[in-house]
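Everything on this sheet refers to the single structure shown next.
Below, chain A is the first sequence line, B the second, and so on; all start at residue 1.
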Protein chains: 2
Amino acid sequence: MSKAEPKDHEFLSAASLGWALAKLLRDYQKQVEAALNGLPGGSRSFLVMSIVDRERCQSQISIAEKIGLDKTTLTYLLDGLEGQGLIKRVTDPNDRRSRHIVLTEQGVKALAQHSKAVQAVEHGLLARLGGDEAKLFQTWLFRVAGVGEGFKPPLDEAETAEICRASLASESR
Amino acid sequence: MSKAEPKDHEFLSAASLGWALAKLLRDYQKQVEAALNGLPGGSRSFLVMSIVDRERCQSQISIAEKIGLDKTTLTYLLDGLEGQGLIKRVTDPNDRRSRHIVLTEQGVKALAQHSKAVQAVEHGLLARLGGDEAKLFQTWLFRVAGVGEGFKPPLDEAETAEICRASLASESR
DNA sequence: TGCAGATCATCTATTTTATAGACGATATTA
DNA sequence: TAATATCGTCTATAAAATAGATGATCTGCA
């Protein structure tokens, strides 16, 4: 089939960024969902647990804002987690309107276990890049996404340069 | 040295990748939605139009598979576009079960216009990276996402090295 | 003190979106 | 020709997001 070479100048067509992001996220969530095996709320609940684990004593509303979920969505995600005994809602003694979310002992164990699974998924997805490239990729991803607080990007500027150098050495030939 | 420093080894906590992706995609879609100003189906319809534009004569099912949508979802996205007179469904004369989707004249115009808007959004989002870094980032993103057919990644291996070198020069100091 | 207004979490209802299954039309194979 | 498979649509259902109302509590102020 003689297919004329199609338009090389269009390499970076609009929507390509969104498409790649959407596809990658879809794959990610599918794999994570599978790896999380029955955690009610799937990858989002896992994210909630991660946040709770690292920044305790958050009100629900602050958690919701941080993750970018609606507060009512968070409510039923927490319902699910609480139903499984993975988190507890503790009334803030200083402000009895708000709840502190804390992991139960069981929740801590579950989180550790699930973290491994999720990390394996992430590792698998990034396997198409070299190890250092993967780190740099993530650094940039965090920067582009404006994700700075809560999760720290893996590398600082100096390390970035170092990895760039290595990547350059191995890839350019 | 006791542990004033909190867990630097944990920099790359599980779920961080998914979170950054989700946040970035949310921002992207919100901005695109706004920029697309009334296109029914929003960013997804736009993507459909892009695909249709570049690879004509696709059956609906092949389009759906390529984008990763359910065929029934595609049906109502196309309904919307057809309702606005942006695309037409043409029965394949060789297989009267399937429809070829083609842009109308009006659709071509709309696509061109919307493409500019979307590109502006993408450009804005990537503005946190240097220009060459942005290209390299996209190249890697495409590779990780496994997006190769349909949209070509912006750079080949040799160019990658070149940009890496430049990025290194400007960033390492 | 008591009242007005704001905030936190929940609940309810609505809307939107995704998924599953059946269907009619057509194609392919044996 | 009969049996089976495919394409696109439709209908019904399920899952999720969103908006608004509610009850409990807090704050500030007269």
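Contact between A:I101 and A:V52 at its shortest, heavy atoms only, is O-CG1, 3.2 Å. Here the closest non-hydrogen pair linking B:G85 and B:T104 is O-OG1, 2.6 Å.
Following rounding to the nearest Å, B:D70 (CG) and C:dA22 (C1') show an atom-to-atom distance of 14 Å. One can place CG of A:L69 at 14 Å from P of D:dA19, the figure rounded to the nearest angstrom. Here C:dT26 presents its C1' atom at 12 Å from CG of B:D92, a figure rounded to the nearest Å. For the pair B:R96 CZ and D:dT6 C1', the interatomic distance rounds to 15 Å; values are reported in whole Å. What separates CZ of B:R26 from P of D:dA16 is a distance of 16 Å, to the nearest Å. The separation between A:E33 atom CD and D:dA15 atom P is 13 Å, rounded to whole Å.
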CA sep, side-chain torsions, deciding dist, call: A:T139, B:F137, side chain to side chain contact (heavy atoms under 4.5 Å, CB included): CA-CA 10 Å; A:T139 300; B:F137 174 72; over 6 Å; no

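Here the CD-OG distance, from B:E122 to A:S16, works out to 5.0 Å after rounding to the nearest 0.5 Å. Once rounded to the nearest 0.5 Å, the distance linking CG of A:L21 with NZ of A:K23 reads 12.0 Å. The distance from the OH atom of B:Y76 to the CG atom of B:L81 is 12.5 Å, given to the nearest 0.5 Å.
For the side-chain contact (heavy atoms from CB on, under 4.5 Å) criterion with A:L78, the lone passing option out of A:T73, A:V48, A:L86 is A:V48.
One finds no side-chain N or O of B:Y76 lying less than 4.0 angstrom from the OP1 or OP2 phosphate oxygen of D:dG8.
Each of A:R44 and A:D95 has a nearest nucleotide on DNA chain D; the 5'-most of these lies closest to A:R44. Residues A:T73 and A:P93 both approach DNA chain D. Their nearest nucleotides, taken by heavy-atom distance, put A:T73 toward the 5′ side.
Proximity of A:D79 to A:R89: side-chain heavy atoms (C-beta onward) are separated by under 4.5 Å at one or more points.
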Its contact letters, B for base, S for sugar-phosphate only and - for none at protein heavy atoms under 4.0 Å, make nucleotides 1-7 of chain C read -----BB

Pairs: protein N or O with nucleotides 10-13 of chain C N or O, under 3.5 Å:
unit_1	atom_1	unit_2	atom_2	d
C:dT10	OP1	A:R89	NH1	2.6
C:dT10	OP2	A:Q60	OE1	3.2
C:dT10	OP2	A:Q60	NE2	2.7
C:dT10	OP2	A:T75	OG1	3.2
C:dT10	OP2	A:R89	NH1	2.9
C:dT10	O4	A:K71	NZ	3.4

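Between A:E82 and A:R99 there is no salt bridge, since no side-chain N of the basic residue sits under 4.0 Å from a carboxylate O of the acidic one.
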